[in-house]
Amino acid sequence: MSLFESPLYKDALEQLEVASYTMSLDPNVLDRLKYPKRALQVSVPIRLDDGTVKTFMGFRVQHNMTIGPGKGGIRYHPNVDLSETAALAMLMTFKCALVGLPLGGAKGGIMVDPNNLSRQELQSLTRRYCTEINMIIGPSTDIPAPDIGTDAQTMAWFMDTYSQLKGYTIPGVVTGKPIAVGGSLGRAEATGKGVAFCVNFAAQKMGLTMGSNTTVAIHGFGKVGIPAAQDLHAEGVKIVAISDVSGAIYDKNGIDLQKAVDWVDSRRFLKDMPGATVISNEELLALDVDVLIPAAIDGVVTKDNCDNVKAKIIAEGANGPLTKHAIEHLSNKGVFIIPDILCNAGGVVVSYFEWVQGLQNFFWDLDRINEELHGILKRAFDEVCEAKDKYDTDMKKAAFIVALGKLFMAMRLRGLFPS
Ligand code: NAD
């Protein structure tokens with residue numbers, strides 16, 4: 001597949017172009033941002049447990065590194081390809097710029113179903129992939145992190161391999177590591193915590209008091225949805241519905257969250273959890289709640305169902321859960337939409353903290369991490385609201401405009417080499 005072919009790349013390009021035209025961005029800067037700076041495609045051969053050798057395709061794409069080293073996850077999934085990886089790298093450029101991190105955008109991945117590999121095979125895959133891309137990554141050049149199909153253990157293997165290649169321990173080469181090898185406190189729940197912060201900022205902006213009368217529905221009870229639910233619940237808000245791929249549950253008096261977490265821990269899916277009314281995922285999206293948090297997958301609120309949505313605030317915990325049409329339609333109806341590159345940026349912000357702590361070998365306590373995270377997201381939220389008003393546009397385009405404004409300034413100051 002060529003670079004521009006995937007729907008995700010076309011979509012990312014369209015978002016880039018629309019925001020650029022709205023803010024009258026210098027076309028020379030727009031032209032440069034349409035292409036990744038560097039893309040590496042590698043083969044990753046490993047010996048399977050049965051003694052045979054199997055080769056997988058791997059990728060690492062660095063979209064733009066004007067503001068700092070590349071930052072972005074490593075995905076193990078059968079659908080990974082060069083074009084999708086490049087699109088995700090581009091979105092990382094905008095996410096990092098939006099929240100003001102001194103980092104650029106990158107992404108990597110391997111076309112593989114990790115569920116079909118043993119732990120030993122996954123370790124071999126990760127170590128060989130790291131070896132194949134080690135010449136373009138590093139704590140000052142490009143810093144990977146976990147994504148779909150990878151986790152803290154993957155990062156520990158990756159960091160160990162990179163360190164073996166260089167001859168000394170280099171924790172700053174990846175983030176999302178286990179705490180015991182230089183991970184950061186608060187990283188696991190950072191994305192969900194950021195979502196909860198953003199919901200509070202939006203409620204304040206709308207003059208909505210968050211309390212026991214505030215109702216929230218969460219689509220996707222996973223690594224993002226669970227901590228978001230827990231933080232909002234802790235401040236007294238009522239989580240009336242949650243869902244996963246197996247279906248949704250509803251309780252108008254508020255879901256027993258601890259019970260739901262324990263149930264999912266032991267049974268994997270919410271389905272059959274006693275004591276709550278079973279509804280469908282579609283019904284959850286249409287509930288008459290104050291806040292809807294789509295935190296599962298992309299494309300769940302579309303032109304077909306956006307008219308059913310009754311929430312006053314929608315917090316895009318997932319990447320791209322609302323289609324372009326749904327965003328325009330709901331924004332015009334007065335719904336407050338917190339766009340994904342802002343709403344779920346908590347993860348990359350705390351990844352940045354982990355990188356900083358690793359470089360300094362000085363580790364912060366949780367209070368400091370959460371306080372700094374709050375400050376960064378609040379500043380970005382205010383900037384997006386300001387751009388929304390200035391350009392009379394929706395929050396999604398406004399978020400891109402803020403990100404592009406920062407990138408433009410940096411790119412203009414650095415200039416084009418050779419000029
Ligand atoms: P996860 O796998 O931990 O959780 C996903 C949840 O969504 C699970 O409960 C799953 O059952 C549910 N789900 C999957 N398909 C569904 C469907 N068709 N209908 C309803 N529910 C469905 O994943 P996660 O890490 O929580 O990521 C969720 C989203 O947030 C993804 O879009 C991801 O790219 C994005 N995101 C995650 C992070 C992070 O730090 N984890 C950061 C930024 C963005």
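Each ligand, and each atom within it, is numbered from 1 in the order the structure gives.
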Practice task
Please identify which atoms of ligand 1 are closer than 4.0 Å to at least one heavy atom of F221.
Solution key: 9 (O)

Exercise for the section: Indicate, as side chain, backbone, both or neither, the part of N281 found under 4.0 angstrom from ligand 1 when only non-hydrogen atoms are considered. Expected result: side chain

Exercise for the section: Mark up the atoms of ligand 1 that fall under 4.0 Å of a heavy atom belonging to I297, in ascending order. Expected result: 15 (N), 17 (C), 18 (N)

Handout entry: Test log, rule salt bridge (charged side-chain N to carboxylate O under 4.0 Å, His left out), inputs K310 and D288
Key = CA-CA 5 Å; K310 300 175 194 69; D288 189 3; over 6 Å; no

Problem - Donor-acceptor pair between T126 and Y76 side chains, under 3.5 angstrom - result: yes

Practice task
Please write down residue, atom name and distance for the protein heavy atom closest to atom 44 (C) of ligand 1.
Solution key: N344 ND2, 3.5 Å

Handout entry: Within reach of ligand 1, part of V224 (heavy-atom separation under 4.0 Å)
Key = both

Fill in the blank from the handout: Any heavy atom of P321 under 4.0 Å from ligand 1? The part involved is neither

Practice task
Could you tell me whether some N/O pair between I148 and ligand 1 is separated by less than 3.5 angstrom?
Solution key: no

Problem - Polar atom proximity, T191 to ligand 1 (N or O, under 3.5 Å) - result: yes

Practice task
Tell me which protein heavy atom sits closest to atom 34 (O) of ligand 1, plus the residue, atom name and distance to 0.1 Å.
Solution key: N319 ND2, 3.1 Å

Handout entry: Whether E354 side chain and G176 backbone form a donor-acceptor pair below 3.5 Å
Key = yes

Practice task
Please identify which atoms of ligand 1 are closer than 4.0 Å to at least one heavy atom of A295.
Solution key: 28 (C), 29 (C)

Exercise for the section: Could you tell me whether G225 and ligand 1 have an N or O pair separated by under 3.5 Å? Expected result: no

Exercise for the section: Answer yes if the side chains of S83 and D81 hold a donor-acceptor pair under 3.5 Å, and no otherwise. Expected result: no

Practice task
Taking atom types as modelled, find out whether E84 and S6 have a side-chain donor-acceptor pair closer than 3.5 angstrom.
Solution key: no

Handout entry: Polar proximity ligand 1 side, K95 side, N/O cut 3.5 Å exclusive
Key = no

Fill in the blank from the handout: When rounded to the nearest 0.5 Å, the distance separating NZ of K37 from CZ of R32 is 8.5 Å

Practice task
Measure the distance from atom 4 (O) of ligand 1 to every protein heavy atom, then report the residue, atom name and distance (to 0.1 Å) of the closest one.
Solution key: G222 CA, 3.3 Å

Problem - Carboxylate-amine/guanidinium contact K54 E121, below 4.0 Å - result: no

Handout entry: atom 11 (O) of ligand 1: nearest protein contact (heavy atom, Å)
Key = V245 N, 3.0 Å

Exercise for the section: Say whether R75, considering both its backbone and side-chain N or O atoms, lies within less than 3.5 Å of an N or O atom on ligand 1. Expected result: no

Problem - Side chain S351, main chain T175, donor-acceptor under 3.5 Å - result: no

Practice task
With heavy atoms of H219 as the reference, note each atom of ligand 1 found under 4.0 Å away.
Solution key: 19 (N), 20 (C)

Exercise for the section: Would you mind checking if D340 and K396 are paired as a salt bridge, meaning a charged N to carboxylate O distance below 4.0 Å? Expected result: yes

Handout entry: CH2 on W364 to CD on E371, rounded to 0.5 Å
Key = 11.0 Å

Fill in the blank from the handout: For atom 2 (O) of ligand 1, the closest protein heavy atom turns out to be K223 NZ, 4.1 Å

Exercise for the section: For A318, counting its heavy atoms only, list the atoms of ligand 1 lying under 4.0 Å from any of them. Expected result: 29 (C), 30 (O), 32 (O), 35 (C)

Handout entry: Lys NZ or Arg CZ of K397 over Y391 ring: under 6.0 Å, within 45°
Key = no

Practice task
Say whether K238 and N253, considering side chains only, have a donor N or O and an acceptor N or O under 3.5 Å apart.
Solution key: no

Completion exercise
heavy-atom search around atom 6 (C) of ligand 1 in the protein gives G220 CA, 3.9 Å

Fill in the blank from the handout: atom 7 (O) of ligand 1 has as its nearest protein heavy atom A296 CB, 3.2 Å

